[in-house]
Amino acid sequence: MAVSLSTNAVKLYSPHTGQYLGECKGHSSTINQISFSGPSSPHVLYSCSSDSTLRAWDSRSFQQVSCLSTGPSLEMFSFSFGGANENLLAAACKSQIYFWDWRTMKQSACLEECHTEDVTQVHFVPGHQSKLISSSVDGLICLFDTDGDINDDDHLLSVLNVGTSIGKVGFFGEANQKLWCLTHIETLSVWDWAVSSTEANFEDARALASESWILDNVDYFVNCHYSNEEDRLWVIGGTNGGTVGYFPVEYGKRKKIGSAEAVFQGGHTGIVRSVLPMSTRHHGIYGWTGGEDGRLCCWLSGVLDETNSCSSWVSSCLVEKSPKTRRKHRHTPY
């Protein structure tokens with residue numbers, strides 16, 4: 001399990017025991033995204049940063065094995081690997097999308113006309129490796145075909161207008177044809193990217209989630225989570241005091257954000273930034289959360305709460321580190 005810190009380092013832990021394994025150091029500015037490689041090289045960890053680099057690490061030795069630089073003052077906000085051979089690297093750098101051949105480290109293309117403001121995320125579509133989705137502060141989600149010589153004129157397939165600054169997007173559904181979108185003003189929308197249609201739009205998502213539980217109001221959304229087995233989507237909301245809830249999202253004929261089906265309370269004392277779900281088969285662990293309080297919390301299966309309406313989870317294997325710096329404002333575009 002990899003954890004990026006405000007110290008610009010990445011620490012590695014065992015997700016089953018919480019044991020600290022080692023640290024990857026090299027970035028000189030904020031780390032914006034981390035991701036393990038695919039099954040072919042499971043020990044490779046990638047990280048991109050505002051220091052204009054994408055770095056690859058060996059998670060066994062904690063050493064850097066390669067580094068790609070985008071150039072001076074060109075912050076990298078997001079990256080994704082795709083293409084026919086999984087060697088095409090797409091990266092969000094300010095309002096542009098750059099492409100490299102990862103084998104040769106040579107730049108192959110740059111899209112600079114589709115977005116007018118910072119690109120927050122880029123994702124190749126799982127199962128459709130030539131298709132790339134990008135989201136931006138300009139409120140647009142763009143779909144590209146990356147086959148052939150990539151350019152702005154011929155490879156932009158469609159544009160979805162969310163209407164406000166986009167924070168995170170993700171794929172779900174049996175064929176990953178659906179797309180969820182969280183914005184910087186905490187709205188939630190669901191799209192079918194293949195036909196460029198809106199499935200649901202929850203402009204009052206926080207209020208709907210807050211109405212469904214007896215705890216404090218939902219102050220922000222952390223992420224969304226989809227279960228293939230159950231074909232269910234949840235939006236994960238949190239409070240400034242550190243409580244987190246999983247709220248089911250109905251986006252069909254009945255558009256609704258339901259009551260929290262899992263609540264994590266008592267582990268964090270500040271804003272929760274990330275959630276890593278895990279199978280409950282692993283020693284009863286539900287998953288991990290990381291927050292601005294410098295804590296990693298491992299959540300274990302508990303009992304029904306006093307309302308008998310949702311599962312509660314208890315925090316264990318707590319790993320604490322006092323952060324050297326803490327952001328005063330939660331909202332940043334990245």
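Just so you know, these numbers use all the heavy atoms, side chains as well, and skip hydrogens, waters and symmetry mates. Everything quoted here is computed from the prediction, not taken from an experiment.
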Glu203 atom CD, over 12 foreign heavy atoms within 6.0 Å
no
Do other residues, nucleotides or ligands put more than 12 heavy atoms under 6.0 Å from the NZ atom of Lys25?
no
Thr183 and Phe221, any side-chain heavy atoms less than 4.5 Å apart:
no
So Val3 and Ser274, do their side chains get closer than 4.5 Å, heavy atoms only?
no
Those residues at least two apart in sequence (or on a different chain) that pass side-chain contact (heavy atoms from CB on, under 4.5 Å) with Asn87 are Asn85, Asp101, Arg103
With rounding to the nearest 0.5 angstrom, report the [atom1] to [atom2] distance, [X] to [Y].
X	Y	atom1	atom2	answer
Ser29	Asn8	OG	CG	6.0 Å
Glu174	Asn228	CD	CG	9.0 Å
Gln33	Ser49	CD	OG	12.0 Å
Ser41	Leu45	OG	CG	11.0 Å
Ser134	Ile97	OG	CD1	3.5 Å
His225	Ile236	NE2	CD1	7.0 Å

Sequence neighbours left out, what passes side chain to side chain donor-acceptor pair (under 3.5 Å) with [X]? Give chain and number order.
X	value
Gln107	none
Asp204	none
Ser28	none
Thr53	His27, Asp51, Arg55

Can you name the closest pair of heavy atoms from [X] and [Y] and give their distance?
X	Y	result
Val275	Pro277	O-CD, 3.6 Å
Val162	Ser189	CG1-OG, 4.4 Å
Ile257	Leu188	CD1-CD2, 4.4 Å
Leu182	Val235	CD2-CG2, 4.1 Å

Under the side chain to side chain contact (heavy atoms under 4.5 Å, CB included) criterion, do Asp145 and Ser130 qualify, and how do the steps go?
CA-CA 6 Å; Asp145 184 348; Ser130 66; 3.9 Å; yes
Derivation and outcome, side chain to side chain contact (heavy atoms under 4.5 Å, CB included), residues Ser108 and Leu88:
CA-CA 9 Å; Ser108 57; Leu88 182 62; 4.0 Å; yes
Going hydrophobic residue to hydrophobic residue with side-chain gaps under 4.5 angstrom, can you get from Tyr20 over to Met1?
yes
Side-chain donor-acceptor contact under 3.5 Å, Gln121 with Ser135:
no
Steps toward side chain to side chain contact (heavy atoms under 4.5 Å, CB included) verdict (Val249, Phe202):
CA-CA 10 Å; Val249 179; Phe202 300 98; 3.8 Å; yes
Glu199: what forms a salt bridge (Lys or Arg N to Asp or Glu O under 4.0 Å) with it, not counting sequence neighbours?
Lys178
Phe247: which residues meet the ring-ring contact (aromatic ring centres under 6.0 Å, His included) condition with it, sequence neighbours left out?
Trp213
Listed partners of Phe36 passing ring-ring contact (aromatic ring centres under 6.0 Å, His included), at least two apart
none
Does anything in residues 118-168 pair up under ring-ring contact (aromatic ring centres under 6.0 Å, His included), and if so which pairs, sequence neighbours excluded?
His128-Trp193
Test side chain to side chain contact (heavy atoms under 4.5 Å, CB included) on Tyr220 and Asn240 and set out the steps.
CA-CA 8 Å; Tyr220 56 89; Asn240 290 332; 3.9 Å; yes
Which residue pairs satisfy the side chain to side chain donor-acceptor pair (under 3.5 Å) criterion with at least one member in residues 241-251, sequence neighbours excluded?
none
Starting from Phe79 and following side-chain heavy-atom contacts under 4.5 Å between hydrophobic residues (I, L, V, M, F, W, Y), which residues can be reached?
Val44, Tyr46, Leu54, Leu68, Leu74, Met76, Phe81, Leu89, Tyr98, Trp100, Trp102, Met105
For [Y], is there any backbone N or O sitting under 3.5 Å from a side-chain donor or acceptor partner on [X]?
X	Y	answer
Asp293	Thr269	yes
Asp192	Ala194	yes
Ser52	Thr70	no

Inter- and intrachain pairs under salt bridge (charged side-chain N to carboxylate O under 4.0 Å, His left out), touching residues 146-160, at least two apart
none
